[in-house]
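Please read the structure below before turning to the comments.
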Amino acid sequence: MLSEPRSGRLAAWGNALLAGLVSPDDAVLAIVGEDAVHRVAGLPGESGPVGLTLALGRLRALGTTGLLVALPAPGHPLGLSGPPEFNARALEAEEAVVCHGAAFGLVPEVSEAGPAGDVHVEVVWHVLPVREAPPADVPSLGEAERELAEALRDATDVLSKLDVAGSGRTAEAAIDAYRARAEKGREVLAPGYPPRAVRVLELAQRVGLLISLAYENGHGGAVSASEMAARSLALRPVERTARRAQVAAYNSAVEERERGR
């Protein structure tokens with residue numbers, strides 16, 4: 001969770017495009033980001049991979065009115081509704097996009113080539129059938145914000161007591177530096193999202209970085225088996241909550257649109 005998931009960019013800017021708030025060129029540019037190219041394979045009516053502009057237009061013609069994010073993890077099919085084949089592919093990729101209004105989902109396949117420092121990244125989004133049913137375990141934006149604030153307090157308290165790396169000033173400095181790099185020249189979310197969604201997504205990404213720092217810096221001061229177990233117990237639920245909050249933020253544009261109807 002150190003960076004924006006590709007499924008989040010596709011859903012956010014795809015929603016803005018579907019709502020007529022951005023041009024196709026601007027949407028595709030934002031979705032691709034620092035990658036070299038994105039293509040879409042398995043689209044009905046196409047014999048091979050096509051570009052994002054054509055794919056998003058075709059999905060709209062097939063009935064898609066919005067795009068939703070899934071960020072599943074083992075034992076937690078967050079945002080998924082089936083069938084098993086799609087769920088398995090999404091779980092392997094750790095992310096997916098589900099069409100609202102049409103029974104399709106997209107799972108990214110990422111390939112890299114080139115030497116360190118000059119890596120060429122290509123992404124192919126595979127279109128698969130999905131079950132039209134409510135996605136698993138996705139909270140409302142309000143629920144996600146409350147849960148995330150509570151989980152962050154609990155985890156920070158436990159990690160600080162254990163003297164775990166990632167809970168002090170070093171972590172704060174790393175978080176501030178990351179946010180400065182991440183936010184330079186980009187919007188947190190695409191046009192059309194409520195301010196609360198931006199706030200929730202920023203906090204979820206901050207929590208994700210805190211968790212990553214704690215893991216990357218070893219066991220910190222948690223030297224006993226019981227302390228290491230306590231750290232894991234503190235991190236697992238807050239990581240789960242942060243993923244749920246990310247999904248709620250990305251999906252809020254569709255949620256707001258449906259509430260308005």
Fill in the blank from the handout: OG of Ser7 to CG of Leu67, rounded to nearest 0.5 Å, is 10.5 Å

Practice task
Grab the two heavy atoms, one from Gly42 and one from Val127, that are nearest each other, plus how far apart they are.
Solution key: O-CB, 3.7 Å

Practice task
Evaluate whether atom CD of Glu46 has more than 12 neighbouring non-hydrogen atoms of other residues, nucleotides or ligands under 6.0 angstrom away.
Solution key: yes

Practice task
Mind listing the closest non-hydrogen atom pair of Val69 and Gly8 along with its distance?
Solution key: CG2-CA, 3.9 Å

Problem - Heavy-atom pair with the smallest gap, counting every atom of Tyr250 and Tyr193 - result: O-OH, 2.7 Å

Practice task
Just do the side-chain hydrogen bond (donor to acceptor under 3.5 Å, both in side chains) check on His76 and Arg243 with the steps written out, would you?
Solution key: CA-CA 10 Å; His76 189 207; Arg243 281 190 296 108; 2.8 Å; yes

Problem - Test side-chain hydrogen bond (donor to acceptor under 3.5 Å, both in side chains) applied to Glu112 and His120, step by step - result: CA-CA 6 Å; Glu112 299 180 353; His120 181 90; over 6 Å; no

Exercise for the section: Would you confirm whether Asn87, through its side chain, and Leu80, through its main-chain N or O, come within 3.5 Å as a donor-acceptor pair? Expected result: no

Handout entry: Shortest non-hydrogen contact from Leu141 toward Ala249
Key = CD1-CA, 3.7 Å

Practice task
Taking Thr64 for its side chain and Leu59 for its backbone only, find out whether a donor-acceptor pair lies under 3.5 Å.
Solution key: yes

Problem - Verdict with reasoning, His38 to Ile31, per side chain to side chain contact (heavy atoms under 4.5 Å, CB included) - result: CA-CA 8 Å; His38 283 217; Ile31 293 167; 4.0 Å; yes

Practice task
Output, in order, the C-alpha distance, side-chain angles, deciding distance and verdict of salt bridge (Lys or Arg N to Asp or Glu O under 4.0 Å) for Arg6 and Glu95.
Solution key: CA-CA 8 Å; Arg6 290 181 173 88; Glu95 61 177 318; 5.1 Å; no

Exercise for the section: Would you please say whether a donor-acceptor pair under 3.5 Å links the side chains of His100 and Arg257? Expected result: no

Problem - Nearest atoms (heavy-atom pairs only) where Pro84 meets Arg131 - result: CD-NH2, 4.1 Å

